[in-house]
Amino acid sequence: MNDFTIQSGHHCLFSGLRHLLIRERPELDMEVAEADIYFQSDGMNLEYNGNLSTMWLASQETILQQFAACYGLCAQFTFEVGVAVLDIFREILQENRIILIFIRSPYLDYHAVFRDGVERNHILLLFGIDEVNQVAQVADTSFLDGFGQTLSYTGPLSLSQLLAGIWGYAWFEVDPFQKTASNADERYHRAIASIKRFNHRHHLPEGRYQGLEAYRAYVADWSRLIDMKPAEFTDTCKNMYYCLRIGGILHQLDYFEQFIGKHRDRVGDSEGMLLQLHNNRIEWKKSLYQLYKIGLSIQPHKLQPLQERYMSLLQTHEKWLEYFMDRAVQ
């Protein structure tokens with residue numbers, strides 16, 4: 001696909017979805033930002049179910065479906081990969097489409113952060129297969145290196161590695177019964193509705209939480225770390241850092257900055273809100289760094305003051321969100 005340009009993004013899923021959108025609806029390239037897709041698809045509503053190692057997207061299936069509905073697309077996806085997957089990929093690629101690949105990170109050998117790191121789930125774009133040389137042509141639009149820098153990669157990945165690590169895939173095509181995407185006003189209101197749900201959602205059955213309540217429940221459970229053994233304490237703190245950094249609060253703040261910057265004409269006091277957002281991000285970064293250090297140095301006695309700090313930051317964020325919604329043009 002020499003006519004397709006890969007761009008670096010903020011998050012592997014929402015950046016990947018934007019690439020697939022532009023492939024199917026190139027007329028939206030200058031109109032839709034990655035942040036728009038994040039909010040429109042309810043990406044900010046993470047879920048926490050009591051497992052300290054995991055706070056993640058509430059439902060990737062729902063995100064894919066909401067994304068498709070917003071842009072007049074049919075979503076095709078599965079998280080049960082069969083033996084005939086290569087034949088399916090070949091057919092999709094022959095239609096000049098791109099495939100969203102859900103893969104386990106140890107099978108990504110193009111960077112040390114994957115080769116040497118713990119196993120995570122990651123998302124790539126598949127845009128070509130060379131069966132003669134047994135390589136897949138992939139694009140990784142967003143990943144962090146060991147220094148926290150956002151990188152991207154476009155190039156070959158061993159076909160055997162791809163097939164060994166894949167656990168799901170998705171692709172999209174224009175919905176023949178909905179030939180046009182929703183208009184800009186409809187998409188904007190859809191994003192605002194998602195933000196409102198985040199701020200007002202409460203706990204769900206079976207000890208599950210979504211939205212802002214998920215963050216509160218997650219931080220409240222940090223008291224359980226006090227009795228952990230040193231190695232478990234360190235690993236759990238690292239996972240907590242990862243959940244808040246990747247797809248969590250920092251990504252949310254980044255997306256709000258992009259969203260407000262793009263929709264200044266719809267948001268009152270946009271400059272003031274962006275300034276406060278910048279200051280809030282600085283405080284979150286400092287607190288995340290403290291969490292990581294506490295985990296490495298195994299200092300559980302320092303966790304309670306930091307826990308109180310996080311609760312204060314969440315309260316500040318809630319007030320900021322209410323201020324935002326009061327000034328977002330409806």
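Counting begins at 1 with the first residue of the sequence.
Relative to the six-membered ring of Phe39, Arg190 misses at least one condition, a distance below 6.0 Å or an angle of at most 45° to the axis. At least one test fails for Arg208 against the ring of Tyr48: distance under 6.0 Å to the centre or angle within 45° of the axis.
One N or O on the side chain of Arg25 and one on the backbone of Tyr71 form a donor-acceptor pair closer than 3.5 Å. The main-chain N or O of Glu80 is found under 3.5 Å from a side-chain atom of Thr78 such that the two form a donor-acceptor pair. Using modelled atom types, one side-chain atom of Thr234 and one backbone atom of Gly295 make a donor-acceptor pair closer than 3.5 Å. Using modelled atom types, one side-chain atom of Tyr310 and one backbone atom of Ser287 make a donor-acceptor pair closer than 3.5 Å. Panel note: side chain Gln134, backbone Glu131; a donor-acceptor pair is recorded below 3.5 Å. Side chain of Asp130 to backbone of Val132: a donor-acceptor contact under 3.5 angstrom is found. Judged purely by atom type and a 3.5 angstrom limit, Thr316 uses its side chain to pair as donor or acceptor with the backbone of Ser312. Side-chain atoms of Asp265 do not come within 3.5 Å of backbone N or O of Val267 as any donor-acceptor pair. Side-chain N or O atoms of Glu34 include none that pairs as donor or acceptor with a backbone N or O of Gly9 at under 3.5 Å. Judged by distance alone, with hydrogens and angles left aside, the side-chain atoms of Tyr215 form a donor-acceptor pair with the main-chain N or O of Ile249 at under 3.5 Å.
Atom NE2 of His251 is separated from atom CG of Leu13 by 10.5 Å, given to the nearest 0.5 angstrom. Atom CG of Leu73 is separated from atom CZ of Arg23 by 14.0 Å, given to the nearest 0.5 angstrom. Here Arg97 contributes atom CZ and Glu173 contributes atom CD; the two are 4.5 Å apart, rounded to the nearest 0.5 Å. Here Thr141 contributes atom OG1 and Arg18 contributes atom CZ; the two are 11.0 Å apart, rounded to the nearest 0.5 Å. Note that NZ of Lys285 and CG of Leu244 are 14.5 Å apart. Values are rounded to the nearest 0.5 Å. Of the inter-residue distances, the one linking Lys286 atom NZ with Leu313 atom CG reads 11.0 Å to the nearest 0.5 angstrom.
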*asked:* Using ring pair (Phe, Tyr, Trp, His ring centres under 6.0 Å), reason through Phe172 and Phe67 one step at a time and then give a plain yes or no.
replied: CA-CA 10 Å; Phe172 299 85; Phe67 164 75; 5.0 Å; yes
*Report the C-alpha separation of His10 and Phe14 in whole Å, then their side-chain angles, then the decisive distance to 0.1 Å, and conclude whether the ring pair (Phe, Tyr, Trp, His ring centres under 6.0 Å) test is met.*
CA-CA 8 Å; His10 291 279; Phe14 302 102; over 10 Å; no
*Does the pair Lys302 and Gln299 meet the rule for a side chain to side chain donor-acceptor pair (under 3.5 Å), with working shown?*
CA-CA 6 Å; Lys302 291 186 176 181; Gln299 296 179 306; 3.2 Å; yes
*asked:* Between His111 and Tyr153, is the ring pair (Phe, Tyr, Trp, His ring centres under 6.0 Å) condition met? List the steps.
replied: CA-CA 9 Å; His111 197 279; Tyr153 168 82; 9.3 Å; no
_For a side chain to side chain donor-acceptor pair (under 3.5 Å) check, start with the C-alpha distance between His278 and Glu257, then their side-chain angles and the critical distance, and finish with the verdict._
CA-CA 8 Å; His278 173 77; Glu257 182 177 37; 5.6 Å; no
*How far apart are the C-alpha atoms of Tyr169 and Phe77, what are their side-chain angles, what is the distance that settles it, and do they pass the ring pair (Phe, Tyr, Trp, His ring centres under 6.0 Å) test?*
CA-CA 6 Å; Tyr169 58 91; Phe77 58 87; 9.7 Å; no
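The ring of Phe256 has its center closer than 6.0 angstrom to the ring center of Phe324. Outside the 6.0 Å centre-distance limit, the rings of Phe259 and Tyr38 are not counted as a close aromatic pair.
Between the side chains of Asp269 and Tyr323, at least one donor N or O sits under 3.5 Å from an acceptor N or O.
Annotation: side chain to side chain donor-acceptor pair (under 3.5 Å) contacts of Tyr110 (sequence neighbours excluded): Asp140. In this view, Asp36 and Lys262 satisfy the salt bridge (charged side-chain N to carboxylate O under 4.0 Å, His left out) rule, not counting sequence neighbours.
At least one side-chain heavy atom of Phe89 sits under 4.5 Å from a side-chain heavy atom of Ile101.
Tested against Leu125, the residues Leu20, Thr154, Val138, Ile99 include a single side-chain contact (heavy atoms from CB on, under 4.5 Å) partner, Leu20.
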